[in-house]
S.K.: 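Below you'll find the structure I mean.
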Amino acid sequence: SAGGLDFIGLEDPDIFIDEDTAMMHLYFTMPFLDKVHDETLVYLGHAVGKNLDSLEMTTPVLMVDPITHAGAKEVSIAPKNSKGIRYNLVESSDHQGGKDHFTYSIVRAAVATDMGSPWEFGETVFHPNEQKIPWIAGHASPGPLLPKSFIDAGEGRLLGIMNGCEANQNLGDKIKYGTFSVGLFIYDYEHGKIDWVSPEPVIRDSQAGTTRAITFASQFVETDPGSGILYAHVDDSFVRAYTLYADKIKNLLPK
């Protein structure tokens with residue numbers, strides 16, 4: 001604890017191996033509780049090394065915006081585009097005033113020319129309040145980008161997994177969250193744009209809770225040609241492994 005900030009702890013680890021340098025990069029959520037202003041400040045932390053045993057922490061790759069206090073978490077690493085730039089994706093936030101005073105979880109691009117040096121916030125690529133897709137009308141968070149060997153979404157594009165939550169409900173002095181579920185999106189990593197988000201989710205866990213049902217996907221492993229395992233945590237309680245089949249998913253995509 002320092003300067004009125006309490007460090008809550010590291011969360012949401014993501015490992016990336018740089019194909020050019022063979023160095024391991026670890027990215028993670030670094031949340032701090034600002035006791036003075038009663039808000040949480042979220043940084044995207046970073047460590048690098050030859051392996052897990054030699055990791056050393058560096059300056060966070062994304063700092064909290066000094067004006068909006070929006071931070072970054074849940075990174076999805078994009079391939080390099082034709083200019084050698086990565087338009088990575090992160091979950092950020094947008095507070096909107098008015099009678100509802102809702103904070104939306106949004107997806108922003110994070111521009112990286114070096115995976116170990118500070119990145120820059122890019123454009124908002126998905127805002128739940130603007131798109132008005134019911135299953136993801138309150139909160140959006142980027143999940144894993146699927147390899148082209150599993151499904152080829154076209155030149156400069158990847159199919160990805162999107163985590164979403166229904167719109168918040170304002171119940172007087174309390175805000176009720178909706179159901180969290182998992183859908184699909186097509187990402188144009190060449191230009192840092194989301195082309196399409198599925199109108200319906202593809203996964204709603206039958207054993208998720210009734211008061212605040214959560215299904216949150218975080219990792220995909222291609223196991224065989226045309227199939228792979230998607231790992232998701234349910235209700236912050238246990239991990240579920242889902243088998244995804246490319247031929248069935250293709251039927252859900254726009255022509």
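All residue numbers in this chain count up from 1 along the given sequence. Since this is a predicted model, take the numbers as computed values, not measurements.
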S.K.: Going only through I, L, V, M, F, W and Y residues with side-chain contacts under 4.5 Å, is there a path from I136 to V107?
M.R.: yes
S.K.: Going by atom types alone, do T29 and D12 pair a side-chain donor with an acceptor below 3.5 Å?
M.R.: yes
S.K.: Kindly state each residue pair satisfying side-chain hydrogen bond (donor to acceptor under 3.5 Å, both in side chains) with at least one member in residues 70-81, sequence neighbours excluded.
M.R.: D20-K80
S.K.: In terms of ring plane angle, is the pair H233 and F216 parallel, tilted or perpendicular, where the classes change at 30° and 60°?
M.R.: parallel
S.K.: Please go through Y231's hydrophobic cluster and name the other residues, only I, L, V, M, F, W, Y counting, with side-chain heavy atoms under 4.5 Å joining them.
M.R.: V221, I229, V239
S.K.: Is it true that I249 and I186 fall in one hydrophobic cluster, defined by side-chain heavy atoms closer than 4.5 Å?
M.R.: yes
S.K.: Going by the rule ring-ring contact (aromatic ring centres under 6.0 Å, His included), which residues pair with Y104 if we only count those two or more places apart in sequence or in a different chain?
M.R.: H127
S.K.: Output yes when a side-chain donor or acceptor of E166 lies under 3.5 Å from a complementary backbone atom of T179, and no otherwise.
M.R.: yes
S.K.: Identify, with sequence neighbours excluded, every residue that meets side chain to side chain donor-acceptor pair (under 3.5 Å) alongside T223.
M.R.: none
S.K.: Quick one: list whatever passes side-chain contact (heavy atoms from CB on, under 4.5 Å) with Q131, sequence neighbours left out.
M.R.: F126, I133
S.K.: Show me the pairs that pass ring pair (Phe, Tyr, Trp, His ring centres under 6.0 Å) and involve residues 43-78, at least two apart or across chains.
M.R.: H25-H46, Y27-H46, F32-Y43
S.K.: Donor-acceptor check, side chain of K148 to backbone of R157, threshold 3.5 angstrom: yes or no?
M.R.: yes
S.K.: I'd like to know if the side chain of N88 and the backbone of A78 have a donor-acceptor N/O pair within less than 3.5 Å.
M.R.: yes
